[in-house]
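Residue numbers count from 1 along this sequence. When a ligand or atom number is given, it counts from 1 through the structure's own listing order.
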Amino acid sequence: MRQSMTLIPTLREVPADADVKSHQLLLRAGFIRQNASGVYSYLPLARRVLVKIEAIVREEMDKAGAVELLMPALQQADLWQESGRWYSYGPELMRLKDRNEREFALGATHEEVITSLVRDEVKSYKRLPLTLYQIQTKFRDEKRPRFGLLRGREFIMKDAYSFHSSKESLDDVYERIFTAYSNIFARCGLNYRAVIADSGAMGGKDTHEFMVLSDIGEDTIAYSDTSSYAANIEMAPVKASYEKSGEAERGLEKVRTENQKTIAEVSSFLNVNETQCIKSLLFKIDGRPVLVLVRGDHEVNDIKLKNLFEASTVELAEAYETKNILGCEVGSVGPIGVKNVEIVADHAVESIVNGICGANVEDFHYVNVNPGRDFEPSRYEDLRFIKEGDPSPDGQGNILFAKGIEVGHVFKLGTRYSEAMDALYLDENGKSQPMIMGCYGIGVSRTLAAIAEQFNDDKGFVWPEAVSPYQVHLIAVNTKDEAQSSLSETLYKSLGEKFEVLFDDRQERPGVKFADSDLIGLPVRVTVGKKAADGIVEVKVRKTGEVLEVQTDKLKETISSILGF
Ligand SMILES: O=C(C[C@@H]1CCCCN1)Cn1cnc2cc(Cl)c(F)cc2c1=O
Ligand SMILES: [Mg+2]
């Protein structure tokens with residue numbers, strides 16, 4: 001491709017509202033342009049990267065036995081009413097009416113559409129298992145779109161759905177697709193981890209997220225420092241054991257703690273360790289008040305709370321609600337004497353001896369608090385976030401944290417959608433059964449951004465060969481010089497027979513061409529300059545910065561060896 005023919009609008013300065021490297025570079029190197037908040041155009045270079053990522057996705061999904069189809073983005077509301085999600089999703093689900101006032105959703109995901117298609121077309125166990133996938137634009141009206149393509153309101157997803165007549169069959173396909181995802185992200189050059197995840201609103205049990213390790217990732221991964229254990233912090237179980245101190249229980253006492261509200265304030269005021277404090281927080285679980293207790297140095301894991309109560313909403317009570325229900329401000333709440341509210345506590349609380357907790361009276365706390373004697377929670381559960389240093393749940397090593405960008409998520413859905421939408425099949429005994437389902441997603445445009453985030457340096461992108469927009473950047477330093485322009489034209493043709501070549505044939509100063517070339521970040525640069533007349537060109541390896549002088553008759557083999565084929 002001649003650069004004078006394509007559209008690569010590079011920018012010198014860093015755009016103001018781009019906060020992360022990948023977003024800045026995708027704008028500066030002329031890969032994307034924003035149309036609206038969270039809505040982008042993929043310019044020619046980005047489009048070529050997308051095509052390569054999609055080709056890798058297709059290869060691996062096809063190898064896993066999945067079949068590609070393409071579903072509509074316009075989805076009838078009644079399908080979402082059948083599954084119930086029309087009512088459970090809020091403004092994030094983009095809705096519209098057609099000319100006959102009929103309601104539609106813009107596809108945020110396709111469980112409803114694919115289930116309605118398969119229920120109409122598949123009736124017998126003989127036709128199962130069936131795994132279908134698509135690569136398609138999705139719409140989600142994110143509250144806070146940010147980081148460019150990393151969290152957009154219109155994005156490209158590969159979403160796959162599998163249908164089974166047995167759990168074993170689902171397990172088998174889940175494994176195959178899990179392997180396909182591992183291959184996909186490895187081939188994209190990404191440093192990723194598959195982590196045990198929480199299925200969130202999707203229900204079902206087993207689910208894994210594929211996380212690209214990155215400091216700007218929104219998710220926190222808890223991983224073992226010795227084994228391969230890794231889990232999204234939302235669901236990482238805590239297997240810590242707490243030893244109860246042998247000290248004798250002392251008499252309960254109410255002490256004045258003027259203006260001491262937080263655990264930090266109270267523990268330092270009373271000169272005790274935070275681990276001696278009981279943090280009491282009032283939550284509304286599906287609207288019902290529940291008092292949740294954790295040790296002072298721990299945090300309540302609301303996802304665990306949600307799963308424990310199988311609730312659809314879990315939120316911290318507002319200050320006024322706490323006051324109405326418990327009769328005091330947030331900073332003085334405690335479990336002692338609480339009658340009308342269920343109390344649940346994290347396991348760590350049970351081992352506290354002579355601890356501290358709020359007295360449910362302004363500016364007063366109890367000391368020498370002993371669970372079991374002074375209050376009794378309805379149950380002790382694993383309710384806290386795992387912390388760095390906690391033992392790994394698999395019993396091997398200790399937990400460390402890392403930030404991750406979620407680029408994939410695979411679920412064993414079960415029969416939630418097939419039951420809600422009557423996707424039934426006749427089993428070998430002629431009995432009608434709901435299909436068992438799995439669903440599997442990859443954020444394709446997010447994967448592009450994750451690669452951009454991982455592969456760059458102070459000059460610009462350093463694309464891995466497998467997804468680079470082109471393989472060779474051919475640059476004519478001085479297009480007015482006869483020898484240089486004729487050699488570069490010759491090389492454009494001959495190299496083009498074997499490699500994908502971007503030819504910078506613009507009437508631009510050499511400095512601009514070199515800066516743009518470093519910014520765009522193709523793996524190999526061939527510069528036709530002063531030694532053109534001697535049939536010598538310069539080859540630069542973008543990743544290492546290595547520069548070679550090469551005879552033109554050795555050029556193809558030199559480039560092949562740099563590209564690794
Ligand atoms: O998308 C999934 C599950 C899987 C992921 C893999 C591919 C198939 N879907 C979860 N999810 C996330 N955000 C959503 C946002 C909106 Cl607005 C919605 F209406 C639905 C969903 C929704 O269902
Ligand atoms: Mg997820």
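With a 4.5 Å cut-off on side-chain heavy atoms, Leu70 and Gln136 count as touching. Residues Ser165 and Asp427 are not in side-chain contact: their nearest non-hydrogen atoms beyond the backbone lie 4.5 Å or more apart.
Atoms of ligand 1 lying under 4.0 Å from any heavy atom of Asp159, numbered from 1 in the order shown and given with element: 7 (C). In the vicinity of Tyr440, heavy-atom distances shorter than 4.0 Å reach the ligand 1 atoms 6 (C), 7 (C). Short contacts between ligand 1 and Cys439, defined as distances under 4.0 Å to a heavy atom of the residue, involve ligand atoms 4 (C). If you number the atoms of ligand 1 from 1 as listed, the ones under 4.0 Å from a heavy atom of Gly441 come out as 6 (C), 7 (C). In summary, the atoms of ligand 1 found under 4.0 Å from a heavy atom of Leu93, numbered by their order in the structure, are 17 (Cl), 19 (F). Heavy-atom contacts of Ala108 reach the following atoms of ligand 1: 16 (C), 17 (Cl), 18 (C), 19 (F) (cutoff under 4.0 Å).
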Assess the residue pair Tyr89 and Arg95 against the criterion (side chain to side chain donor-acceptor pair (under 3.5 Å)); give the C-alpha distance rounded to whole Å, side-chain angles, the decisive distance to 0.1 Å, and a yes or no.
CA-CA 11 Å; Tyr89 272 91; Arg95 306 161 201 247; over 6 Å; no
Begin from the C-alpha positions of Glu234 and Asn301 and carry the test side chain to side chain donor-acceptor pair (under 3.5 Å) through to its verdict.
CA-CA 7 Å; Glu234 288 172 348; Asn301 180 330; over 6 Å; no
Test Lys412 against Thr207 for side chain to side chain donor-acceptor pair (under 3.5 Å), laying out the working first.
CA-CA 6 Å; Lys412 289 181 185 171; Thr207 172; over 6 Å; no
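Using a 4.0 Å heavy-atom cutoff, Phe411 is listed among the residues neighbouring ligand 1.
Only the side chain of Trp80 comes within contact range of ligand 1, with a heavy atom under 4.0 Å; no backbone atom does. Only the side chain of Arg85 comes within 4.0 Å of ligand 1, judged by heavy-atom distances. Residue-level proximity to ligand 1 for Tyr161 is carried by the side chain, the only part with a heavy atom below 4.0 angstrom. Heavy atoms of Thr109 found under 4.0 angstrom from ligand 1 belong exclusively to the side chain. Under 4.0 angstrom from ligand 1, there are no non-hydrogen atoms of Met94.
Salt bridge annotation for Arg58-Asp62: absent, with no cationic side-chain nitrogen under 4.0 angstrom from a carboxylate oxygen. Comment: Arg384 engages Asp390 in a salt bridge, judged by a side-chain N to carboxylate O separation of less than 4.0 angstrom.
With atom 15 (C) of ligand 1 as the reference point, the heavy atom nearest to it among Glu92, Lys138, Glu112 is part of Glu92. Compare Arg140, Lys158, Glu209, His409 by their heavy atoms: the one nearest to atom 1 (O) of ligand 1 is in Arg140.
Under a 3.5 Å cut-off, the side chain of Asn429 and the backbone N or O of Lys431 do not form any donor-acceptor pair.
For Ser182, the side-chain hydrogen bond (donor to acceptor under 3.5 Å, both in side chains) criterion is met by no residue, not counting sequence neighbours. Under the side chain to side chain contact (heavy atoms under 4.5 Å, CB included) criterion, Ala29 pairs with Phe31, Phe461, Leu519, sequence neighbours left out.
Scanning the protein for heavy atoms near atom 8 (C) of ligand 1, the closest one is Glu111 OE2, 3.1 Å. For atom 20 (C) of ligand 1, the closest non-hydrogen atom on the protein side is Tyr89 CZ, 3.4 Å. The single protein non-hydrogen atom nearest to atom 10 (C) of ligand 1 is Met202 SD, 3.7 Å, given as residue, atom name and distance.
Contact detail for Leu27 and Arg33: the closest heavy-atom pair is O-NH1, 2.7 Å.
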